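Some notes on the structure that comes next.
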Amino acid sequence: MNLSFKLAKSSYRHLVVGADTKIPLPNGRYTTAINFDNAASTPPFVSVMEEINQFASMYSSIHRGTGYKSQVSSKLFEDARSVVLKFVNADPFRDTVVFVKNTTEAINKLSYRLWDGNKKSVILSTWMEHHSNDLPWRGKFQVDYVQTDSSGKLSLEDLENRLAKHKGNVKLVTVTGASNVTGYVNPIHKIAELAHRYKAKILVDGAQLVPHNSVNMNPNNPLQRIDYLTFSAHKMYAPFGIGVLIGPQETFQKGVSELVGGGTAETVTHDWIVWEKPPHNEEAGSPNVMGVVALVTAIRTLSSLGMKTIDHYENQLTNYANSKLKLIPGITLYSHTAPGEPRIGVIPFNIKGIEHEKVATILSDQAGIAVRTGCFCTQPYIQRLLSISPKQMEFYRKRRDAPRPGVVRLSFGLYNDFSEIDVLIRFLERIAKHPTSYI
């Protein structure tokens, strides 16, 4: 590993609030917190906090307000849509940005918008999806699941077979851009091309992809364009309750939003309603202006650093951690990529002889290291990765108090560094060497 490269890149830490915060351990000592749980949520950028504090003096309710602060706030809110569109190279003439709370709300919203009562309509999800890209489709559509291979990677062959099998009834292929469990990055443009050849559209759940990779919704090949994209600011250093749904304006022109109220209607009587045009007809109630300020600032900060630079550095962290983990006897890794194969900085593993929750507790109590354990709202995917049978799952349904299977997950952010990984490895070596002493 090139030491000068490592030292140069550690300068990212000053961009993030709390990267060097001291926290207490159960023994009364203090240590610098190490956060390897960035796939769940990231801390805010310093730039985000500064911008929010600066904007606070101008904050006001937006739309229809005639006061100066209201005009400033309204303009900032509406201009933010263009910033978001540009960040992912969406088509400003075709697409619109709907502001929501998070990716989960965005996918729920789209599920209602695409549902037309046709019981033959099929949604193709996959075995690697977060529950938020599975559960919202159930009960409205027929949901089918594209298979993964023995390593947990998506099978494009099975995707095409299922598109052909449903004979034009697939309304949408909905797929994660990057897995929050294995870190695998899916070939979204190849998937889009397959979907479009079979007259279906594509939604990319970008919650894990957008904070780490550059995303292009509108590539040169029109068959490869991304119809819908969702992502959340709280995973990209702006944790203030805002997310986006990007898609064609025409999707939101017909019918009525699943959530209506203030701001969604242009004219109302007790007998009829004229709804606002998209995206305002989708944004009921007082909007999260501060969240939008945070999101725009995070986008500008990420863009100034360069998404390719971020991706390269986080890959260096991931490769370094993987190389160390592979040397520890008793550790099983559940994601495997070849050199140069795209992935994000997520590593799932278990230690033989000790439960995943216990590993996390030890790391937190003894080293101040935060990881996440369990199934990460991707239970079918974890069941497949751990080879848990349907019969075994019936046991857990009946015994809700029984400890659940799962894995330990490391997930890196741009502010993590190699020395933090070294601390983690030292503790994992001890745990793996003497698991019974910790139990």
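All values reported here derive from a predicted model rather than from experimental measurement.
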Take Trp272 and Thr267 through the side chain to side chain contact (heavy atoms under 4.5 Å, CB included) test and state the conclusion after the steps. CA-CA 8 Å; Trp272 50 265; Thr267 309; 3.7 Å; yes
Is a side-chain N or O of [X] found less than 3.5 angstrom from the main chain of [Y], in a donor-acceptor match?
X: Lys153; Y: His336; result: yes
X: Asn180; Y: Phe376; result: yes
X: Thr378; Y: Cys375; result: yes
X: His356; Y: Val408; result: no
X: Arg81; Y: Val97; result: yes
X: Ser132; Y: Ile107; result: no
X: Arg94; Y: Gln249; result: no
X: Ser232; Y: Asn102; result: no
X: Tyr381; Y: Gly152; result: yes
X: Glu357; Y: Gly374; result: no

Does either side chain, that of [X] or that of [Y], offer a donor lying less than 3.5 Å from an acceptor on the other one?
X: Thr182; Y: Ser335; value: no
X: Arg113; Y: Thr251; value: no
X: Asp20; Y: His14; value: no
X: Asn89; Y: Asn218; value: no
X: Tyr198; Y: Glu160; value: yes
X: Ser155; Y: Gln147; value: no
X: His130; Y: Asp205; value: no
X: Glu78; Y: His63; value: yes
X: Asn38; Y: Asn416; value: yes
X: Asn319; Y: Asn315; value: no

How about [X] and [Y]: do any of their side-chain heavy atoms sit closer than 4.5 Å?
X: Ile347; Y: Arg409; value: no
X: Met393; Y: Gln383; value: yes
X: Phe77; Y: Asp79; value: no
X: Tyr334; Y: Leu386; value: yes
X: Leu302; Y: Leu414; value: yes
X: Phe252; Y: His280; value: no
X: Val170; Y: Lys199; value: no
X: Tyr415; Y: Pro43; value: yes

Would you give the length of the straight line joining atom OG1 of Thr96 to atom NZ of Lys277, rounded to the nearest 0.5 angstrom? 12.5 Å
Pairwise distance CD1(Ile246) to CG(Asp227) - rounded to 0.5 angstrom: 12.5 Å
Step-by-step salt bridge (Lys or Arg N to Asp or Glu O under 4.0 Å) determination, Asp158 to Arg162: CA-CA 6 Å; Asp158 189 63; Arg162 290 176 191 276; 2.6 Å; yes
Is the Lys NZ or Arg CZ of Lys22 less than 6.0 Å from the centre of Tyr30's six-membered ring, within 45° of the axis? no
Here's one to test your reading of the geometry: is the NZ or CZ of Lys171 within 45 degrees of the ring axis of Phe141 and under 6.0 Å from its centre? no
Checking Glu355 against Arg404 for the salt bridge (Lys or Arg N to Asp or Glu O under 4.0 Å) test, could you report, in this order, the C-alpha distance in whole Å, the side-chain angles of both residues, the deciding distance, and whether it holds? CA-CA 10 Å; Glu355 293 182 350; Arg404 298 305 169 106; over 6 Å; no
Can Tyr145 and Asp134 be said to form a side chain to side chain donor-acceptor pair (under 3.5 Å), step by step? CA-CA 9 Å; Tyr145 300 95; Asp134 175 6; 2.7 Å; yes
Is it the case that atom NZ in Lys101 sees more than 12 heavy atoms from other parts of the structure closer than 6.0 Å? no
Take atom CG of Asn220 as the centre, draw a 6.0 Å sphere, and report whether it contains more than 12 heavy atoms from other residues, nucleotides or ligands. no
Give a yes or no on whether the ring-centroid distance for Phe36 and Phe412 is below 6.0 angstrom. yes
Name the one of Leu229, Val175, Asn133 that satisfies side-chain contact (heavy atoms from CB on, under 4.5 Å) with Leu203? Asn133
Determine the sole option in Leu163, Leu154, Val173 for which the side-chain contact (heavy atoms from CB on, under 4.5 Å) test with Val146 is passed. Leu154
Which atom pairs, donor and acceptor, lie under 3.5 Å between side-chain atoms of residues 45-53 and protein residues at least two apart or in another chain?
unit_1	atom_1	unit_2	atom_2	d
Ser47	OG	Thr301	OG1	2.7
Asn53	ND2	Met49	O	3.2

When you look at Lys109 and Glu105, which way does the salt bridge (Lys or Arg N to Asp or Glu O under 4.0 Å) test go after all the steps? CA-CA 6 Å; Lys109 176 175 282 294; Glu105 184 182 22; 5.9 Å; no
